[in-house]
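First the structure, in the form of structure tokens, and then the observations on it.
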Amino acid sequence: MRAAVADKVIYLRERAAAGDESKFKIKYAELLNQAQLAAVTHRDGPLLVIAGAGSGKTRTLIYRVARLIESGVPPGAILLLTFTRRAAQEMLDRVERLVGNASRQVAGGTFHSFANNVLRRHGTPLGLRPNFTILDRSDMEDVLNLLRARMGLASRERRFPKKGTVAEVISMARNKRRDLPEEIELDFAHLMEHQADIVELAAKYNLYKRERGLLDYDDLLDRLLELLQQYERVRERLSSAYRYIMIDEYQDTNLIQAELVRLLAWSHRNVMAVGDDAQSIYSFRGANFRNIMDFPAMFEGTRIVKLEENYRSLQGILDVANEVISRANEKYTKALFTGRRGEFRPLLVRAQDEHMQSRFVAQRILELREEGVELSEIAVLFRSSFHSFDLELELQRRDIPFIKRGGFKFIETAHIKDTLAHLRIVANPADAVSWLRALTIVPGVGHRTAERAIEALVSAERPEQELARLAREGPVRGGAGFGRLAELLATLKAEGKRPAEQLAMVLEYYLPLMRDAYPDDYPKRERDLEHFQNITQRYRSLEQMLSDMALEPPSDSLDGVLASEAEEGYVTLSTIHSAKGLEWRVVFLIWAADGRFPGPMSMGAEEIEEERRLMYVAGTRARDELYLIYPIHMFDRVNGFSMGRASRFLDDLPVEILPTATLQESDDA
């Protein structure tokens, strides 16, 4: 069975033999199904691979990279773009096991990391210095908050959108390639009264960044696009360097990313886009469903290959997914099938109310554990994070350990950002955002004092000497603290120190300040910082470390994530968006009710279609068992109690594909 081969065989080599295939050592025809083989052996010209859930798209990508290298393409001429650095690295590691060390020259990474590298090497025509600082989302919000206050928009007497909302408006406009007023009118109509002020604030924000050598996430793609559009020599150089371009998860690209791909393929059109229109669920991040649908129009002569053989789920689960997506208004028609054997049919479960829904899930989890299913192989998915609150209480009551995806990311915690700020100042002394953070940590120093000092520091040739002068000559509150900070910065700038050594110096300075600032939970924060130290050990370059922290940060803090300690593993609770790309043996989807899924805010035709695709993604996370559950009696603060019905994506499915069960009080007691 091919599935068994796919699971057990990483690669297979043979001695050179006579015939057309003699130069290839890997037996592609034995390791791939026919559709995968067609994609892997495609050489020149545009190719669109529609990869259904669980159909081996990653395997197809890595074998195509291997095939190109074996056929004589220089590895450095191959560019693999993904949406996480980890995905790119895992693919390239597998390619290396197939063809050896030559694959290390393949260029791979995220769109943002690729843009970062190109701009540091070729950004001079745009006025960019190689040491520019990357602002993450919280940094962006801090700058907007600072500028908002300077404009008098943050007073108590006047209501103005929060910094996070303003950041979202600005970012969405750029990702959708719209003017800011148009974006506000179309997607943020409730902010129309603030339109003029938001536009002015955005202009000041852009000026602030350019004057200080700062780029946010969106700038990385915007400025790369600007570089490729305006400087033909750079465009030709990059297009000639990367003769074969592959993009994973193409359905998640935005308009800018699609245009970047077109320009990078300017001289050859050798683009392989891999994705699934049925899993396009990130429009709220600016992803554009039309990109994958319009790929053949952008690249004339596109060959389309569909991967429909699924290696993950039982056919019963695939039948539900196929039925759900078959009703989509626009799609690449496909039908998932599998060679796996099993008679299980997904079940639509009707509970009397939310609490019975929670009790059913908890009881079934306990039964599965008795049947030998590990808790780590079980997931509960939901449309919105708050849908799991009642279930969390029930799991805790029954002592079922769980982990919930979400909350603050490790890199967004105050103590990690504090330490990073000191290192970022060393890399880019014009980084006013990091200066503000480092200075306000000094005891007795507030925002006004810090801002006055920053004006002198960012323009000083040796800012640590200017800081020492301010400490001596004042009048500056916290002068002694300024002096200690100046000594730290002077030490950090000494040549030959690796990032781990520099971080250790920062921590020696910072830990006493942190303990005073966070007396209630500083031990937890110290554990995070120890974890951070371990991460920095592998870096030799401070610039590379800071770029990685901004572009691909560690995701979880070491504490506060797990509900309880357990040697047997944890049930995963997750939104569907966070579960994409993952799989479990058993999946429960709770609140599969109209009004919750799709939610009340999803009213337009495009929004409903994306919700349908979200249901498809949820169902295809399951390998062996899938339960779709909703309460008959639903309550909300506006309407009180109402009668719930199954999600419109499920209620018209044939009963032989999705049978229904109604819980009685004794069923889950």
Side-chain angles (χ1 to χ4, degrees), residues 1-8 33 51-59 276 278-279 307-325 335-349 357 360-382 391 395 400-403 405 566 568-574 576 578-590 592 614-630 649-650 653-661 663 667-668:
M1 183 187 293
R2 282 198 175 110
V5 174
D7 287 338
K8 296 179 181 178
N33 64 41
S55 62
K57 72 175 180 64
T58 300
R59 187 174 184 79
D276 185 2
Q279 298 187 67
L307 305 184
E308 298 173 286
E309 184 171 0
N310 178 284
Y311 296 99
R312 175 188 299 158
S313 307
L314 294 177
Q315 189 62 50
I317 294 170
L318 299 181
D319 289 343
V320 170
N322 287 335
E323 284 290 331
V324 167
I325 207 63
L336 298 178
F337 66 93
T338 184
R340 290 193 63 202
R341 297 291 180 263
E343 298 302 320
F344 177 84
R345 286 282 174 190
L347 191 63
L348 180 62
V349 180
Q357 174 181 252
F360 167 77
V361 173
Q363 182 62 33
R364 182 62 187 136
I365 289 173
L366 292 175
E367 291 169 358
L368 288 165
R369 184 168 61 177
E370 290 300 310
E371 295 168 14
V373 178
E374 295 182 3
L375 294 182
S376 60
E377 288 282 4
I378 302 171
V380 184
L381 307 183
F382 29 84
L391 176 63
L395 294 178
I400 299 174
F402 65 89
I403 179 171
R405 303 285 178 183
E568 57 185 327
Y570 307 88
V571 174
T572 297
L573 273 55
S574 176
I576 302 167
S578 296
K580 184 174 174 291
L582 304 176
E583 61 181 75
W584 294 270
R585 182 171 169 181
V586 181
V587 169
F588 299 86
L589 175 66
I590 60 174
L614 196 61
M615 179 67 77
Y616 170 89
V617 169
T620 53
R621 299 310 94 200
R623 294 200 300 270
D624 295 348
E625 296 184 26
L626 173 64
Y627 300 91
L628 308 154
I629 314 146
Y630 71 97
F649 308 131
L650 303 174
L653 299 191
V655 67
E656 61 270 19
I657 287 178
L658 185 62
T660 301
L663 295 178
D667 286 349
D668 65 330

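Everything quoted here is computed from the prediction, not taken from an experiment. Residue numbers start at 1 and run along the sequence shown.
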Considering only heavy atoms from C-beta outward, does the side chain of [X] approach that of [Y] to under 4.5 Å?
X    : Y    : value
P654 : E323 : yes
K580 : L614 : no
I590 : L381 : no
L348 : P659 : no
L395 : L573 : yes
R364 : I378 : no
L628 : V349 : no
L375 : Y570 : no

Query raised in the report: Should the pair R345-D319 be classified as a salt bridge under the 4.0 Å nitrogen-to-oxygen rule?
Result: yes
Requested in this report: Return yes when atom CD of E656 has more than 12 non-hydrogen atoms of other residues, nucleotides or ligands closer than 6.0 Å, and no otherwise.
Outcome: yes
What are the two closest non-hydrogen atoms of [X] and [Y], and how far apart are they?
X    : Y    : value
L658 : P346 : CD1-O, 3.7 Å
K57  : A51  : CB-CB, 3.5 Å
A579 : S574 : N-OG, 3.6 Å
G569 : P401 : O-CG, 3.5 Å
A53  : R621 : CB-NH2, 3.9 Å
Q315 : L336 : NE2-O, 3.4 Å

Query raised in the report: Should L368 and E625 be marked as a side chain to side chain contact (heavy atoms under 4.5 Å, CB included) after you check the CA-CA gap, both sets of side-chain angles, and the distance that decides it?
Result: CA-CA 11 Å; L368 288 165; E625 296 184 26; 3.9 Å; yes
From [atom1] ([X]) to [atom2] ([Y]), nearest 0.5 Å:
X    : Y    : atom1 : atom2 : value
L391 : I629 : CG    : CD1   : 9.0 Å
S313 : R585 : OG    : CZ    : 13.5 Å
E308 : L318 : CD    : CG    : 11.5 Å

Query raised in the report: Per the side-chain contact (heavy atoms from CB on, under 4.5 Å) rule, which among V571, V380, I400 passes with V361?
Result: V380
Would a distance-only check, ignoring hydrogens and angles, find a side-chain to backbone donor-acceptor pair under 3.5 Å from [X] to [Y]?
X    : Y    : answer
D624 : V586 : no
R340 : R623 : yes
T620 : Y616 : yes
E583 : A622 : no
T338 : N310 : yes

Query raised in the report: Yes or no on side chain to side chain contact (heavy atoms under 4.5 Å, CB included) for W584 and L626, after CA distance, side-chain angles and deciding distance?
Result: CA-CA 10 Å; W584 294 270; L626 173 64; over 6 Å; no
Report task. Classify the angle between the aromatic ring planes of F588 and F360 as parallel (below 30°), tilted (30 to 60°) or perpendicular (above 60°). Result -> perpendicular
